[in-house]
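The chains referred to below are lettered A, B, ... by the order of the sequence lines, with proteins before strands, and numbering in each begins at 1. Computation of the quantities below employed the complete heavy-atom set of this structure, encompassing side-chain atoms and omitting hydrogens, waters and symmetry-equivalent molecules. For clarity, every value in this text was computed on a predicted model and none was experimentally measured.
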Amino acid sequence: MKAKIARILENTYEACVKEGDLDANPLPQYVIEVPNRAEHGHYAANLAMALASIQKRPPRKIADALLSRLADAEGIIERAEVAGPGFLNFWVRDQVWRSFLIHVVEEGEKFSASTLGKGNKILVEFVSANPTGPLHLGHGRGAALGDTLSRILEHCGYELVREFYINDAGRQVRLLGESIYSRWRQSRDPEYPFPDEGYHGQYISELAQRISNETDLESLSEEEAIALCADRGKEIMLQEIREDLKNFGVEFDVWFSELELHKSGLLQETLRLLQSRGYLYEKDGALWIKTTEFGDDKDRVVRKKDGEYTYFASDISYHLHKKRRGFDKAINIWGADHHGYVNRVKAALEAQGIDGQWLHVLLIQLVKLWKGGQEIKMSKRAGQYVTLRELVEEVGRDAVRFLFLTKNHDSPLDFDIDMAKKRDPNNPVYYVQYAHARICSIFRKAQEESLALPSQPQEVVNRLELPQELELIRIMAQYPDLLEEISKALEPHRLTYYLTELASAFHRYFNLGTKDPACRVVCQDPKLTQARLLLAQGARTVLASGLGLLGVGAPERM
RNA sequence: GCGCCUGUAGCUCAGCUGGAUAGAGCGCCGGGCUUCGAACCCGUAGGCCGCAGGUUCGAAUCCUGCCAGGCGCGCCA
């Protein structure tokens, strides 16, 4: 709907220029918004204010000029006015809203599909947890964010790939093997040392148990046994990670192995490329990359004195590979503790002639867990933390996914388990789901009375006249615009707020019927009932679509 | 010390990317079910948008400097 208003404004501007009311200049950046206050119209535009400095005239004068030549070819505007410092406020005709509702019902969930991303390929890399331990809450937040963002981008027409980068090459996998092996040895020799930086946690002992059941570790040398523990441990953990994510509603298109990067020779090739561009040099026996030439604080080591490549070297190569795969944009979702990394990866990309803007890194801040009014402290080193699996088992997938998206990713998130488990208004996920279930209940009631959606909606839709009914349609009309804005700003949390608002408008409308039976959806008048069923169906469509994009269920009963 | 993030109602957070009288949920206080689901609705109270400057028609939003909190500053991954 915003696009329609924009077209009117553009045509109006051209008309004003043509008639000599305004000087010929390119259209400036301006905003069309849904005002907070109803008396400011259905839509408001700040075009006249944006033009003021260019045209060197007061904004209200410009607004008056625009208004006098309003180019509303389709005839959708009921009323327009100049207000405040120079806003153009628009009221759209009721008939237009009613037609929009029919459009929603006829198209179903695809009514909000967009061509914004047509022909654009995006890679979203998220979670990317080391296969050395179970997923924790931070991974869960990243999973919810990455998956919902992916779903929204796909909905807006982008060609999208979800990718999980597996850090299976470095020392940490070796350490996993040593930790498992040590626990196995300790089961018969309690004095056997545990590695200094080893992985703690119950799961290590469980892995030791499982692997020693599969294989006769006694028959292997220590070195062979550790290698086997590392290999199997990694495999099993990866399998668990996949399962956890699947249960969380998240599936990846590509599982990209760091080890493959080494094996395929891609890593060496990347370094040769950098070498030929003159960005590598030797110092103190190590190989360095000149990231300082691209804004990094200091140069970074890519190959250590001992000949091993750094994690950073893999990452440079990995991101170059992403670029080569033809993506127009890469989005990475990282924990905030990796923020120091952003500049150096971008610097390395620029060293290879790639614009750093190509890579978008979303940093997610910490998740704190609260229970019984107390923070549950987590320590990865001590192996004490709540896993994603435990949280999902305790509070349910829907609540976890929804609540992880009620805050901007760069703001820390306090997750209150007691609140999340409540099936009451403290919990916004049930508030939204309840609206959906309520609508389903209305349709069950209608069916009992042999009433259904009209076959000729045009003939009854004019019966929607209550302000609350038209308001509900207007909120539905914001949905496609919102999804496009989310796609541009990469801010999926806005969807949860929108759905809460939509649910609220529906509950408000529904409650009219508790005071006045004439306001019920299923009422005495069959035509009016049909019209209201259209409205309910539209609201249900948007709620189901939005919940679907969040990866949250849209229940018919609760 | 340097870098990134955060600071908005008692609490947890939004604030459409610079717009009009700053919003929501919870909590407090008060009201609403005899037929579509009360897991709901309606109302009251509650604000130096961390502080101080600056930019302009206009700032919670942009810039500078402080203050407070979180995270990060390895030839670890």
Side-chain angles (χ1 to χ4, degrees), chain A residues 31-37 39-40 44 46 49-50 52-53 58-60 83-87 89 130 132 167 169-173 175 197 258 283-288 297-298 300-306 308 310-312 314-315 335-343 363 365-366 368 406-408 410-414 416 419 422-428 430-431 433-435 437-446 448-449 478 481-482 485-486 488-489 491 493-494 496-498 500-501 503-504 506-515 517 520-523 529 532 536 557-558:
Chain A
V31 175
I32 297 168
E33 61 183 2
V34 177
N36 292 323
R37 305 178 150 272
E39 65 262 33
H40 294 149
N46 67 348
M49 282 119 88
S53 62
R60 284 198 67 113
F87 285 103
N89 294 339
N130 289 352
T132 53
N167 297 136
R171 221 184 62 200
Q172 75 278 22
V173 172
L175 205 53
E197 307 270 313
E258 184 187 359
K283 194 182 85 179
D284 304 333
L287 190 63
W288 298 68
D297 301 343
K298 43 186 158 184
R300 308 289 169 177
V301 171
V302 290
R303 195 184 60 219
K304 297 182 274 181
K305 211 182 327 187
D306 65 9
E308 291 279 309
T310 60
Y311 175 78
F312 183 47
S314 303
D315 237 22
D337 53 346
H338 287 72
H339 76 254
Y341 233 70
V342 178
N343 274 340
L363 296 172
Q365 298 290 328
L366 223 64
K368 276 189 198 168
T406 52
K407 283 158 187 67
N408 198 328
D410 56 16
S411 160
L413 186 138
D414 284 348
D416 184 335
M419 192 272 269
K422 281 185 192 161
R423 315 212 152 216
D424 69 13
N426 288 11
N427 197 332
Y430 295 112
Y431 182 83
Q433 288 182 320
Y434 181 52
R438 242 183 175 178
I439 294 171
C440 293
S441 169
I442 291 172
F443 275 91
R444 286 192 293 269
K445 169 80 178 173
E448 281 171 23
E449 309 200 2
Q478 292 175 25
D481 294 331
L482 176 78
E485 282 160 21
I486 289 173
K488 290 179 196 158
E491 291 176 342
H493 71 283
R494 286 171 55 185
T496 57
Y497 285 86
Y498 169 78
T500 305
E501 189 188 336
S504 173
F506 181 78
H507 286 313
R508 194 159 47 239
Y509 171 59
F510 180 90
N511 267 273
L512 292 176
T514 62
K515 293 193 191 84
R520 290 187 186 147
V521 173
V522 178
C523 59
T529 298
R532 287 177 175 165
R557 297 172 200 269
M558 293 172 70

Item to check | Separation between CG of A/Leu413 and NE2 of A/His493, rounded to the nearest 0.5 Å | outcome: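 The CG atom of A/Leu413 sits 11.5 Å away from the NE2 atom of A/His493.
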Checklist entry - Rounded to the nearest 0.5 Å, how far apart are NZ of A/Lys407 and OH of A/Tyr497? => result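 Separation between the atoms: 5.5 Å.
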Checklist entry - Per the atom types in the model, does the base of B/rA20 pair as donor or acceptor with the side chain of A/Asn46 at under 3.5 Å? => result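 Under the 3.5 Å cut-off, the side chain and the base do not form any donor-acceptor pair.
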Checklist entry - Would you say the base of B/rC73 and the side-chain of A/Asp337 have a donor-acceptor pair closer than 3.5 Å? => result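 Per atom types, no contact qualifies.
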In whole angstrom, give me the gap between the [atom1] atoms of [N] and [M].
N      : M      : atom1 : answer
B/rG54 : B/rA9  : C1'   : 29 Å
B/rU56 : B/rC2  : C1'   : 33 Å
B/rA68 : B/rC49 : C1'   : 16 Å
B/rA24 : B/rG46 : P     : 14 Å
B/rA38 : B/rA22 : C1'   : 31 Å
B/rC16 : B/rG53 : C1'   : 29 Å
B/rG19 : B/rA60 : P     : 10 Å
B/rG7  : B/rG15 : P     : 10 Å

Checklist entry - Which residue, A/Ile32 or A/Lys298, contacts RNA chain B at a nucleotide closer to its 5' end, judged by nearest heavy atom? => result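 Its nearest nucleotide being more 5', the pick is A/Ile32.
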Checklist entry - If you pin A/Asn36 and A/Met49 to their nearest nucleotides in RNA chain B, which one's is more 5'? => result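 In this pair, the answer is A/Asn36.
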Select base, sugar-phosphate, or nothing to describe what [X] touches, counting heavy atoms under 4.0 Å on all strands.
X        : result
A/Lys488 : nothing
A/Glu491 : base
A/Ala169 : nothing
A/Asn89  : base
A/Asp306 : nothing
A/Arg520 : base
A/Tyr497 : sugar-phosphate
A/His507 : sugar-phosphate
A/Pro517 : base
A/Ala83  : base
A/Glu39  : base
A/Val31  : sugar-phosphate
A/Lys407 : sugar-phosphate
A/Ala286 : base

Sort out the partner of [N] for me: Watson-Crick or G-U wobble, both distances under 3.5 Å, none otherwise.
N      : answer
B/rA45 : none
B/rU21 : none
B/rA52 : B/rU64
B/rG3  : B/rC71
B/rG58 : none

Mark this stacking check for [X] against [N] as yes or no, applying ring centres under 5.5 Å and ring planes under 30°.
X        : N      : value
A/His339 : B/rG72 : no
A/Phe510 : B/rC36 : yes
A/Phe87  : B/rA20 : yes

Closest to the [X] side chain, choosing from [options]:
X        : options                : value
A/His40  : B/rA20, B/rC13, B/rC5  : B/rA20
A/Lys304 : B/rC76, B/rC5, B/rG37  : B/rC76
A/Arg508 : B/rC42, B/rA39, B/rG15 : B/rC42
A/Arg557 : B/rC16, B/rA77, B/rG37 : B/rG37
A/Trp288 : B/rC75, B/rG37, B/rG32 : B/rC75
A/Ser504 : B/rC41, B/rA38, B/rC75 : B/rC41
A/Ala437 : B/rG37, B/rA77, B/rC16 : B/rG37
A/Lys445 : B/rU35, B/rC16, B/rC75 : B/rU35
A/Val522 : B/rA77, B/rU6, B/rC36  : B/rC36

Counting C-beta onward and ignoring hydrogens, is there a side-chain heavy-atom pair between [X] and [Y] closer than 4.5 Å?
X        : Y        : value
A/Leu363 : A/Asp410 : no
A/Ser504 : A/Glu501 : no
A/Lys305 : A/Asp284 : no

Checklist entry - Between A/Phe510 and A/Phe506, how do the two ring planes meet: parallel, tilted or perpendicular, split at 30° and 60°? => result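 Aromatic pair A/Phe510/A/Phe506 classed tilted.
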Item to check | More than 12 heavy atoms of other groups within 6.0 Å of A/Glu449 CD | outcome: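 Yes, because the 6.0 Å sphere around CD of A/Glu449 holds more than 12 heavy atoms from other groups.
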Examine [N]: is either OP1 or OP2 under 4.0 Å from a nitrogen or oxygen in the side chain of [X]? Give yes or no.
X        : N      : result
A/Arg438 : B/rA39 : no
A/Lys515 : B/rU34 : no
A/Tyr431 : B/rC41 : yes
A/His493 : B/rG15 : yes

Checklist entry - Under the rule syn = chi within 90° of 0, otherwise anti, which is B/rU17? => result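 Syn, which is what one calls it when the glycosidic angle falls within 90° of 0.
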Item to check | Closest heavy-atom pair and its distance - A/Trp288, A/Lys283 | outcome: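 Minimum heavy-atom contact is NE1-O, 3.1 Å.
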Next on the checklist: Distance alone, cut at 3.5 Å: any donor-acceptor contact between the side chains of A/Thr132 and A/Gln172?
Outcome noted: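 Looking only at side-chain atoms, A/Gln172 and A/Thr132 do not form any donor-acceptor pair under 3.5 Å.
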Next on the checklist: Salt bridge check, A/Glu448 against A/Arg444: does any charged N sit closer than 4.0 Å to a carboxylate O?
Outcome noted: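 Here A/Arg444 does not pair with A/Glu448 in a salt bridge, since their nearest N and O are not under 4.0 Å apart.
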